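Here's the structure, in C-alpha cells; my notes come after.
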Amino acid sequence: MQNALLDTIALEDAHTSGAYVKRDVQIVRGEGARLEDAAGRSYIDCVGGMGAANLGHGHPAILAAIQRQAAELMVCPELFHNPVRAEYQAALCAAAAMPRVFLCNSGAEAIEGAIKAARAATGRPTIVAAMRGFHGRTLGALSATWNKTYRAPFEPLLPEVRHVPFNDADKLADALDETVAAVIVEPVQGEGGVIPAAPGYLRAVGDLCRRNGSLLILDEIQTGFGRTGWLFAHQADGVRPDVLCLAKSIAGGLPMGAVLLGERAGTFPPATHGSTFGGNPLACAAGLAALDVLATSDLIERARVRGAAVLDHLRAGLPERAVRDVRGRGLMIGIELRGKVGPVLAALAERGVLALPAGRTVLRLLPPLVISDDDLWAAVATVEEVLADAV
Ligand SMILES: *Cc1c(COP(=O)(O)O)cnc(C)c1O
C-alpha cells in the first residue's frame with residue numbers, strides 16, 4: 001500500500017501540467033461524506049469535491065440515473081432533440097424560475113456563456129465584477145476573477161472589465177455607465193474567503209442594473225444546489241438575476257454547467273454559441289436525479305439548520321487569539337485565521353478531516369449535505385482542537 005501511494009504520487013508528478021499543488025493523500029473511494037485513502041484510512045470530507053459533491057459520494061439515485069442513461073444514450077449533440085434533455089431543461093428552468101437555459105460542461109464555461117449573452121443582449125462591452133470575486137480560469141472568466149496570482153501570467157485579459165469593492169452599492173453605482181453590459185457577483189464569495197453578501201446588497205445591485213440597462217449575472221456555481229440552505233442562495237435575498245450561472249453540484253458530481261437566461265437576457269442569436277458535450281443525455285439524467293433528490297429530501301433544510309448551529313457553535317467556541325472571524329451561510333463555512341491556513345489543513349488531515357482553504361488565511365468547510373450529524377460535529381470538534389493548539 002505504501003508503495004502504491006508512492007507510485008501514484010511519482011506518476012502524477014511525472015506527468016502533471018504543473019497547474020496543481022497537491023497534498024500527499026491518495027483518495028481511492030468515497031461514500032456519503034467519507035473519503036478513503038490508499039492505505040484504507042477513512043476521512044470526514046469537508047472538501048466536498050470543492051463544491052461538486054453536495055449530494056455526497058456514491059449517492060444511489062445519481063448512480064442509478066447514470067447507469068440507466070449510459071446504457072441508453074450518452075452522446076447527443078444539440079443538432080437533435082432528446083427527451084432526457086428536454087425534461088431536464090424544463091425541470092431546471094422551473095426550479096430557478098427562469099425561462100431559458102444553455103447547457104455546458106463547467107463553471108468557467110457557464111461564465112463565458114453569461115458574458116456572451118450579456119454582450120449580445122445589450123450591445124454593450126463592459127462587465128463589472130467584484131474585488132475578491134472568483135469566476136473561473138478561462139480567459140473571459142479570468143478577466144472577471146480578481147485574484148492577481150491567477151491573472152498575472154496570462155495578461156492581457158479582457159480590457160472591458162472593472163472591479164469594484166464587494167458589498168458597496170455606492171461604489172458600484174459610480175462604476176456604472178452606458179457601456180456596462182452586466183454586473184457579475186457571487187451571493188457568497190467562495191474562493192475569495194467565504195464572504196456573504198450583506199443584507200440588501202444583492203437587491204441594491206439588481207436595482208442599479210435595471211436602472212442602468214445592465215444585466216445582473218449571479219454566479220451560483222459554488223452556492224447553488226442547497227449549499228447555503230436554499231436551492232439557490234439568491235432566493236434568500238429576494239433578488240431576481242437576469243443570468244444565473246451554475247455548475248459544480250448541478251449533476252450530482254458529473255461535470256456540467258448551465259447558463260439560465262431571464263427575460264431581459266433574451267436568447268442567443270442562432271448559431272452564435274454552442275458546445276459539443278453541452279446538454280449530453282448522461283449529464284442531463286444525472287442533473288435530473290440531483291434536482292429530484294434535493295426536491296424530495298430534507299437536505300436543503302438540514303444545510304440551513306445545521307449550518308446555523310455550527311456557525312453559532314464556532315463563534316462561541318473558537319479562541320480569539322487564533323481566529324479573526326467566523327462566517328458563512330448554510331454548510332458553506334469560513335473561519336478567518338490570524339495565521340496561515342496551510343498548517344491547520346495539514347493538522348486536520350492528520351486527525352482525519354479533509355478541508356479547504358479560501359485564500360491564505362481562511363479555512364473553508366464544504367461538507368457534502370448528506371453528512372451525518374455525528375461526522376459533522378466530529379469535524380467541528382476537530383477544527384476546535386486544532387485551532388486551540390494552533391497558537
Ligand atoms: C468553481 C467556481 C467557478 C469555476 O468553475 P469551474 O467548473 O472550475 O470552471 C466559477 N465561479 C465560482 C463561484 C466557483 O466557485
Side-chain angles (χ1 to χ4, degrees), residues 17 19-21 46-54 102-118 127 129-147 149-151 154 157-158 161 163 166-167 182-197 202 205 216-228 230 232-234 237 241 243-260 275 277-278 283 286-287 290 328-334 355-359 362 364-368:
S17 67
Y20 296 101
V21 180
C46 292
V47 167
M50 298 209 303
N54 286 8
F102 177 87
L103 294 172
C104 53
N105 313 285
S106 70
E109 230 184 305
I111 300 293
E112 298 292 333
I115 293 173
K116 287 176 71 176
I127 303 293
M131 292 174 183
R132 289 174 169 271
F134 180 87
H135 302 291
R137 301 182 185 255
T138 55
L139 285 169
L142 187 59
S143 304
T145 291
W146 189 66
N147 189 324
T149 309
Y150 303 156
R151 301 166 56 96
F154 311 109
L157 300 172
L158 285 183
V161 177
H163 284 92
F166 187 57
N167 277 339
V183 176
I184 180 165
V185 282
E186 300 155 83
V188 182
Q189 292 191 322
E191 304 296 312
V194 189
I195 306 169
L202 291 183
V205 176
L216 171 61
I217 302 173
L218 289 183
D219 178 347
E220 291 235 31
I221 289 165
Q222 190 164 147
T223 53
F225 299 101
R227 172 56 57 193
T228 68
W230 297 77
F232 303 115
H234 73 267
D237 297 278
V243 182
L244 178 63
C245 295
L246 303 171
K248 292 208 162 105
S249 279
I250 187 171
L254 218 65
M256 176 154 66
V259 191
L260 284 128
S275 162
F277 283 123
R329 275 211 217 153
L331 286 174
M332 181 170 184
I333 293 168
L356 282 167
V362 176
R364 179 171 39 148
L365 307 176
L366 295 178

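Counting starts at 1 for both ligands and their atoms, following the listed order. Remember, predicted model here, so these are calculated numbers, not experimental data.
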Is any side-chain heavy atom of Arg137 closer than 4.5 Å to a side-chain heavy atom of Thr145?
no
How close do Ser249 and Gly51 get, heavy atom to heavy atom, and via which atoms?
OG-O, 2.7 Å
Within the 4.0 Å heavy-atom cut-off around ligand 1, the contacting residues, ordered by chain and number, are Ser106, Gly107, Ala108, Phe134, His135, Gly136, Glu186, Asp219, Ile221, Gln222, Lys248
Using side-chain heavy atoms (C-beta onward) and a distance below 4.5 Å, is Arg227 in contact with Leu331?
yes
Taking Ala108's backbone N and O only, do any of them form a donor-acceptor pair with His135's side chain (distance below 3.5 Å, no angle check)?
no
Nearest 0.5 Å, please: how far is CG in Leu366 from CG in Leu356?
5.5 Å
Kindly indicate whether the side chain of Arg132, heavy atoms from C-beta on, has any atom under 4.5 Å from the side chain of Trp146.
yes
